[in-house]
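Being a predicted model, the structure only gives us computed values, none of them experimental. In what follows, chains carry the letters A, B, and so on, assigned in the order in which the sequence lines appear, proteins first and then strands, with residues in each chain numbered from 1.
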Protein chains: 2
Amino acid sequence: MKTIRKLGDVLRCFTAEEPEHSVTALSRLTQNSVSGTHDLVDGMAAIGLLHKIQRGRYRLGPLVATLYHTLEDSSVLLGAARPVMARLLADHGETLHLTMHDHGRLLLVEAMDGSRPLNVSPTVIGPHLMLHEAPPGRLHLASFSPARLQAWLDQHSRPGGAVISRERLVADLQRIARDGFDSGPVGEDADLMCLAARVLDHAGRAVAVLSMTVPEGRHARQPRAFRSVTIEAAQQISVRLGYRAAL
Amino acid sequence: MKTIRKLGDVLRCFTAEEPEHSVTALSRLTQNSVSGTHDLVDGMAAIGLLHKIQRGRYRLGPLVATLYHTLEDSSVLLGAARPVMARLLADHGETLHLTMHDHGRLLLVEAMDGSRPLNVSPTVIGPHLMLHEAPPGRLHLASFSPARLQAWLDQHSRPGGAVISRERLVADLQRIARDGFDSGPVGEDADLMCLAARVLDHAGRAVAVLSMTVPEGRHARQPRAFRSVTIEAAQQISVRLGYRAAL
DNA sequence: TGTCACTTTCCGGTAATGCCGGAAAAAGAA
DNA sequence: TTCTTTTTCCGGCATTACCGGAAAGTGACA
């Protein structure tokens, strides 16, 4: 299904930072011919996935909004997570994210903006991050099957490498998988501390990750408290999904 | 681009009422072979547009949420409409919709739930409606080019027909285009009164329709007031988009 | 206004691949 | 278990997505 993969590549080019693209820009980004990209983009605009503002200016289209509304109405995960996240936000005012992963990519399902005078921008966590670069992604990695993890590592730890020490990462992931929790900076930014906890569904499968990202200063004052409220909230979501802790 | 059209067809099968489908169900709905549908759905799940819950149970996927968040952050229309709609909701408490259209289909961009004891369900307006069945869609039709309207009519007024009187509809559309406003029931439901007004962008093009749907009883009491607040709100959105009324 | 540089759009030939029916595998139902 | 239903896999064929090149369109600049 080459067409669909390309379609996905094109869709992923549209981000909050770059919400608008021309045909040539997309063809460069996706490494395809201009004319081929034109056909693709034209089709996507025809079904409403993209919207053609002007000659050669494309943005995400109205179908995205339509689909999102049905997702919103029907997603058990969102339904379970929203109230818990809202409560967490009300209590602590820190920036929150709910993520999933998809074929080695981090997907942002829900983001809530912190309400404090000094708080973390909600855009720090997003699809632009490699999985291993921040706690949410590492938690996703930690729930990969061994074979899948192998494949991911083979793909990303090769040349000069995104992953510096493969052995180190694997060891970390084992610990993370055991705890269902990870914390650390986001990428290289030592001013941020991201705390991430696993969300499990009724069958005990890892379906998502809840994370709270706070300024390192505030975190340093009471690290254990932050850790426990994050884990606690993630567990509440899991329970709402039908997970029973003590089986 | 057959693949993309099919992809669109599949996506549109997912609604708030039917958020989950099996492969065979989708193949029936889209009138394609089971195996072909399987390939398609598999690919869509691979890029995250769909999510495979279990063997043969598909829902919309996390990519939809991700894309929506970037749309939300970047869409000038949403940015302009949201505050106006929120204000309108606060003032009157009636159910609101912001729609666009796409190749003869009604697309729901934003919906806000009424806050009164008796109010209209937000699901009455949606992609399931034919364009001519409710005021928002008629307003979209009214801004079609003559040729495009011809094509649409040819397609929908044929056999025993969705459109009963073609001449009547055309006359109505001319009036609607002139006023930038339409009101009437939603489909056959005479208990509902939907008031819809056109939203124009900086270049004076019709980009969306704002509508307010109220119980007929409340509407009958002060029809002119409802009409004017709806038109007023739509104009506010247009102005926020850069439209200048008195050119 | 005319020229130039660039981008988008159109178009036809061809290699690739999406599509289909049929078989196998998996999951329930009884 | 056995039977039924649904999903998944597979190979061959026809369709079509893809590409390069040409044409049309757009904006910049003098």
Among [options], which is the nearest nucleotide to the side chain of [X]?
| X | options | value |
| --- | --- | --- |
| A/Thr3 | D/dT7, D/dC18, C/dC19 | D/dC18 |
| B/Met1 | C/dC20, D/dG25, D/dA17 | D/dA17 |
| A/Lys6 | C/dC20, D/dT8, D/dC19 | D/dC19 |
| B/Ser33 | C/dG21, D/dA17, D/dT8 | C/dG21 |
| A/Ser22 | C/dT8, D/dC19, D/dT8 | C/dT8 |
| A/Ser35 | C/dC10, D/dT8, C/dT9 | C/dC10 |

Do the side-chain N or O atoms of [X] get closer than 4.0 angstrom to the phosphate oxygens (OP1, OP2) of [N]?
| X | N | result |
| --- | --- | --- |
| B/Thr24 | D/dT7 | yes |
| B/His38 | D/dT8 | yes |
| B/Lys52 | D/dT7 | no |
| A/Lys2 | D/dT16 | no |

Carboxylate-amine/guanidinium contact [X] [Y], below 4.0 Å:
| X | Y | value |
| --- | --- | --- |
| B/Arg175 | B/Asp172 | yes |
| A/Glu72 | A/Arg82 | yes |
| B/Lys2 | B/Asp9 | no |

Grab the two heavy atoms, one from B/Ile125 and one from B/His128, that are nearest each other, plus how far apart they are.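 Smallest interatomic distance, heavy atoms only, reads C-NE2, 4.1 Å.
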
Considering all heavy atoms of both residues, which atom of A/Arg240 and which atom of A/Gly79 are nearest to each other, and what is their separation?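 Taking A/Arg240 first and A/Gly79 second, the nearest heavy atoms are NH1-O, 3.8 Å.
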
Atom-pair distance ([atom1] on [X]; [atom2] on [N]), nearest Å:
| X | N | atom1 | atom2 | value |
| --- | --- | --- | --- | --- |
| B/Ile4 | D/dA17 | CD1 | P | 8 Å |
| B/Arg5 | D/dT15 | CZ | P | 15 Å |
| A/Arg28 | C/dC6 | CZ | C1' | 12 Å |
| B/Asn32 | C/dC19 | CG | P | 8 Å |
| B/Tyr58 | D/dT7 | OH | C1' | 8 Å |
| A/Gln54 | C/dT8 | CD | P | 12 Å |
| A/Leu7 | D/dC18 | CG | P | 10 Å |
| B/Leu40 | C/dT17 | CG | P | 16 Å |

Nearest-nucleotide 5' precedence on DNA chain D, B/Asp39 against B/Val23: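 On the 5' side of the pair lies B/Val23.
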
Toward the 5' end of DNA chain C, by each residue's nearest nucleotide, A/Arg57 or B/Val34: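 With B/Val34 and A/Arg57 compared, the 5'-side residue is A/Arg57.
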
Answer with yes or no after comparing the ring centroid distance for A/Phe14 and A/His21 against a 6.0 Å cut-off, counting only values under it.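 Aromatic pair counts; centres sit under 6.0 Å.
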
Any N/O donor-acceptor pair, A/Arg55 side-chain to C/dT7 base, under 3.5 Å: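 By the distance-only test, yes, there is a pair.
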
